[in-house]
Each structure stands twice: as C-alpha cells, then as structure tokens.
Number of protein chains: 2
Amino acid sequence: MRYRRIPNETVRRLPLYLRCLLLLSQNGNKSVSSEGLARIANVNAWQIRKDFSYFGGFGIRGFGYDIGNLTGQIRKILRLDAVHNAVLVGVGNLGSALLAYPGFKTYGFRIVAAFDNDSGKIGKKVGDVKIEDARRIGMLKPKCVTLAIIAVPAAAAQQAVDSLVEAGVKGILNFSPVHITVPKKIKVITIDIATELARLPYYIPSGGKE
Amino acid sequence: MRYRRIPNETVRRLPLYLRCLLLLSQNGNKSVSSEGLARIANVNAWQIRKDFSYFGGFGIRGFGYDIGNLTGQIRKILRLDAVHNAVLVGVGNLGSALLAYPGFKTYGFRIVAAFDNDSGKIGKKVGDVKIEDARRIGMLKPKCVTLAIIAVPAAAAQQAVDSLVEAGVKGILNFSPVHITVPKKIKVITIDIATELARLPYYIPSGGKE
DNA sequence: CTATGTGAATTTATTCACAGCA
DNA sequence: TGCTGTGAATAAATTCACATAG
C-alpha cells in the first residue's frame, strides 16, 4: 500500500467502478480485467489500473480482478461498507423525487427523515417517510445521521445547512443553486442542475442553434 | 480576442458567473470587480480574470466589469443569447420534478414537450406540457428542438437517446446512471445523482461513521 | 492609483510504455 | 504468456506576480 495523495478525480470515479462491478456481479461474473471494466465504465483501462494503484492495487497479474474482493475494497475506501442514513430537507418537486429515487440504495443509502417548512406538508407521508417541521432538524442528534440532502430554494439553503451542521451532519449533497458556507470539517457536494444544462449549448456546433 | 483553447473547466464556470451576475443585476448593481464577483461565486479573483482572458477579457482596467456587457458576452459564448427549447423523456418522479424545475428559465430554457412509454401517463398534463407517447419522439423534427433531458431508468436510456438523436437532438442532459453511446457530434452531459452522494462519505473523517 | 490581463511557475491529472509477477 | 502496477512523460488547470491600461 502506497501513501500518495489520492487525486479527487480518482475518488470521483470510484463510485462509477463500483456500480459497474455490481452490474457485472449480477450478470454472474466472478472476475474482470481492467480492459473489461473499462469498456463498461467508459474510461481507459490504464486509468482504472492507475486509480487502483493509488491504493496499492487490487488485481492479480495475468488474471485481472476478483469482483467480490474489488467491490469490497472500493466500498471500504469510500466508507460504503455500512449503511448510511441520510435526511432530506425540502420536500418540493425535486425533494419528493429524491425521496423515491431508487439509485441511492445501490450504495447503501437510506433516507430516514424528511423536513420542510411548509405547514401544508408537515405530517404527510411520502413513501415510508413522514415529513417533519424543519424547525425540528435540531432533534436529529440522537439518531446520529451524518449525511443530508438539501433541495430547498436558494434563499432557504444557508439556514437549512446551518441547522443541519448544528445537528451534527458532516456531509451535504446540495441541490440548491447557491454557494453555502460551512465549517472546514463539513463536506458539501453541489449538484447544480440548471448550470449543467447551461453549458450544453456551448458544445453544440452552431447552425442548428434552435 | 485571443484564440487559445478554452479549458473545459472554464466553460463549466461560465454559467455560474452568469447566475451571479444576474443576481447582482437584480440587486441594482451596474458594475463589479473580479474580487466582488469572486466572493459571490466562491472562486478566486484571478481565476475569474484568467477565465475571461481566454476570450480576450471583458473588463476595464482600474474599474472592473460592466455587468450588462459581461452578461451579454457570457450569454453569447454559451449560446444562451436565444431561448432554447428542450424536451423531456421519462416523466417519473424525477422527470416530473424537472418539468417543474424553476432554475432552467434563469438561462432561457423552456421544456416544450415530454415523453413517456407508460400508457397510464400518456395524455396527462404536467404543468403546461402534455405527456406524449415515447414512440412519437421521431415526430420532433419540424420543431427543431436541439436539446433533450432524459430521466428514464438505466435500461431504457440508450433507446431513448437513439430516438432523440434520430430526431435531430444535438445535446442531451442525462440523469440515467449509465453510459450512453452517441455519434461524435452529439454532446452528452450526465448527472449521476447517486454516485455524487456515494463519494461524500469518503470525505467525512471517520469516527462519526454512522 | 486601481483593478485588469497574461506570461511564467506550479500543481494536478492523464497518458504512455514497459518492468514484473502470477 | 497475459494483465497488472507504476515510474516517467505529457497535458491540463491553477496559481502567482506584475506589467499595463484606464
């Protein structure tokens, strides 16, 4: 095991590899080469080998990778080797969709609570989760939830985040199109849907410009 | 105007700058310095100046940037100087949320049609848009829609994309957690919600490991 | 005098080419 | 022999420092 710094881009690709490995496993495969995994993940084979090499390498020369072992290693690196509970703040259109999103369980995530500040929504259930008053975010502590997903309007984002941090949340997936300020120890990943769409026209050759 | 290659990361930041400029403008500002814009966008001032320098620079030395002018320049670069029509494929939980998503109009996007292959949904309306049979994607041509958003299950993504490309769509925002294959001229941007969440635990110091 | 614009330096990430192990 | 693992080379992006224009 070598102790070089792990590139952020490598960490970004690990969940992708994990998903592909689960797919391979479901299809009955026991092992895969870097070439085979690369094809499914749509990256280069050397990129995969390099990425794994930062952690010491997980393969067997001349053979490839044992899927069960590799899956376990990546889960451990990403700390996905235990189920993570998360809470959702903001049960609007997007929030409701995220509550029902099937992809989270691929990685062992479970949304255990939902909050909103619209009194018309509080008390209602979306799937298995009852919507609670956003002012009760502070009550989370005993549950030891470390992750949160926020899908509130930009104007409400900072306040929601402050409450979550106060309640002990350590990582936030932010869908609000705004920068939020957090203490150094807290990690925020922002998905800004509209800005992603906004750079699409740049790459489209003009002429068919709508 | 200099003609160096534009870094992808610069293009990724331009929509963010645009959003911040719109905000500044709404607040009555007429001009802004790289320092001021940097604060709102949460990037470094020199990064902003460098980004703009790839296009020749838009500022006035000793003064800053005229917000109206800069907004126009960025819109032109990103080809957001005209309204873009887009279609949605997949009107499930996520798709419905995207149909109602208010952020798209910040950049002048309009979703003009929605498709699904669930006969129970076809014919119903979500907001102003009537859900059409996915087999009718081919009928798009006369409308000259160049952008599409897909929010279908992974298994259905490639077929949806093939139909869209056939119908003349040039750019796709893909929410399906799977690699899709397209001709070279077509640009795909994938937002993989679960893989973003999946790298969050990596950055959270252990101990509070849920 | 102020804040931009940009070469140059540095850091980070990707790609290559092949040594080394099963 | 085959496929991994990795140092070295290349490419890309960020950061710096300051000359330059208003």
Side-chain angles (χ1 to χ4, degrees), chain A residues 1-17 20-21 24 29-74 77 199 202-203, chain B residues 1-17 20-21 24 29-74 77 199 202-203:
Chain A
M1 175 78 87
R2 319 189 65 266
Y3 280 119
R4 279 194 264 167
R5 221 189 95 296
I6 313 298
N8 275 315
E9 295 303 308
T10 292
V11 177
R12 172 172 269 122
R13 282 186 292 266
L14 290 180
L16 168 65
Y17 300 155
C20 295
L21 289 167
L24 282 164
N29 296 278
K30 296 292 180 215
S31 69
V32 67
S33 65
S34 58
E35 195 60 60
L37 183 55
R39 208 162 19 245
I40 297 172
N42 194 50
V43 299
N44 294 103
W46 63 73
Q47 180 111 69
I48 287 179
R49 296 200 300 270
K50 181 60 116 181
D51 282 341
F52 293 162
S53 83
Y54 291 113
F55 304 97
F58 302 129
I60 301 160
R61 290 176 197 232
F63 169 76
Y65 300 88
D66 177 82
I67 290 179
N69 173 55
L70 184 54
T71 301
Q73 298 283 357
I74 295 177
I77 293 166
R199 69 196 168 91
Y202 175 87
Y203 293 100
Chain B
M1 171 80 86
R2 318 190 65 264
Y3 281 120
R4 280 195 262 167
R5 220 190 96 292
I6 313 300
N8 274 315
E9 295 304 309
T10 293
V11 177
R12 171 172 271 123
R13 282 185 293 266
L14 290 180
L16 168 65
Y17 299 154
C20 296
L21 289 167
L24 282 164
N29 296 279
K30 297 291 180 215
S31 69
V32 68
S33 67
S34 58
E35 196 61 59
L37 183 54
R39 206 160 22 245
I40 298 173
N42 194 51
V43 299
N44 294 102
W46 62 74
Q47 180 111 71
I48 288 178
R49 296 200 300 272
K50 181 60 121 179
D51 283 340
F52 293 163
S53 85
Y54 290 114
F55 305 97
F58 302 127
I60 301 159
R61 291 176 195 233
F63 169 76
Y65 300 89
D66 177 81
I67 289 179
N69 173 55
L70 184 52
T71 301
Q73 298 283 357
I74 296 177
I77 292 166
R199 70 195 168 90
Y202 175 87
Y203 294 100

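Here the structure is a predicted model, which is why all the values come from computation and not from measurement. Side chains included, hydrogens not; waters and symmetry mates left out as well; all remaining heavy atoms used. All chains are named by letter (A, B, ...) in the order of the sequence lines, taking the proteins before the strands, and each is independently numbered beginning at 1.
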To the nearest 0.5 Å, tell me how far [X] [atom1] sits from [Y] [atom2].
X: I40(A); Y: N29(A); atom1: CD1; atom2: CG; answer: 7.0 Å
X: S33(B); Y: R39(B); atom1: OG; atom2: CZ; answer: 6.5 Å
X: T10(B); Y: I48(B); atom1: OG1; atom2: CD1; answer: 11.5 Å

Give me, pair by pair, the N or O atoms of the protein and of nucleotides 19-22 of chain C that are less than 3.5 Å apart, along with how far apart they are.
from	atom 1	to	atom 2	distance (Å)
dG20(C)	N3	R61(A)	NH1	3.2

Who passes salt bridge (Lys or Arg N to Asp or Glu O under 4.0 Å) against R12(B), sequence neighbours left out?
->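 Result, salt bridge (Lys or Arg N to Asp or Glu O under 4.0 Å) vs R12(B): E9(B).
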What pairs with R49(A) under salt bridge (Lys or Arg N to Asp or Glu O under 4.0 Å), at least two apart in sequence or on another chain?
->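 Residues passing salt bridge (Lys or Arg N to Asp or Glu O under 4.0 Å) with R49(A): none at all.
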Let me know the distance between [atom1] of [X] and [atom2] of [N], rounded to the nearest Å.
X: Y17(B); N: dT4(C); atom1: OH; atom2: P; answer: 13 Å
X: F58(A); N: dT6(D); atom1: CZ; atom2: C1'; answer: 15 Å
X: N42(B); N: dT14(D); atom1: CG; atom2: C1'; answer: 15 Å

I77(A) vs F52(A), side-chain contact (heavy atoms from CB on, under 4.5 Å): CA-CA, chis, key distance, verdict = CA-CA 11 Å; I77(A) 293 166; F52(A) 293 162; over 6 Å; no
Taking all atoms of both residues into account, what is the closest heavy-atom pair of [X] and [Y], and its distance?
X: R5(B); Y: Y54(B); result: O-CD2, 4.1 Å
X: C20(A); Y: L37(A); result: CB-CD1, 3.7 Å
X: I74(B); Y: L14(B); result: CG2-O, 3.8 Å

Distances for protein N/O vs nucleotides 13-17 of chain C N/O pairs under 3.5 angstrom?
from	atom 1	to	atom 2	distance (Å)
dA13(C)	OP2	R5(A)	NH2	3.3
dT14(C)	OP1	R13(A)	NH1	3.0
dT14(C)	OP2	R13(A)	NH2	2.9
dT14(C)	OP2	Q47(A)	NE2	3.4

With sugar-phosphate meaning primed atoms plus P, OP1 and OP2, does F52(A) contact a base, only sugar-phosphate, or nothing at under 4.0 Å between heavy atoms?
->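 Touches nothing.
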Please tabulate, one pair per line, all N/O donor-acceptor pairs under 3.5 Å involving side-chain atoms of residues 60-71 of chain A, not counting sequence neighbours.
from	atom 1	to	atom 2	distance (Å)
D66(A)	OD2	G68(A)	N	3.3
D66(A)	OD2	N69(A)	N	2.8
N69(A)	OD1	Q73(A)	NE2	3.4
T71(A)	OG1	I67(A)	O	2.6

Any residue of residues 32-41 of chain B with a heavy atom less than 4.0 Å from an atom of DNA chain C |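 Output list: S33(B), S34(B).
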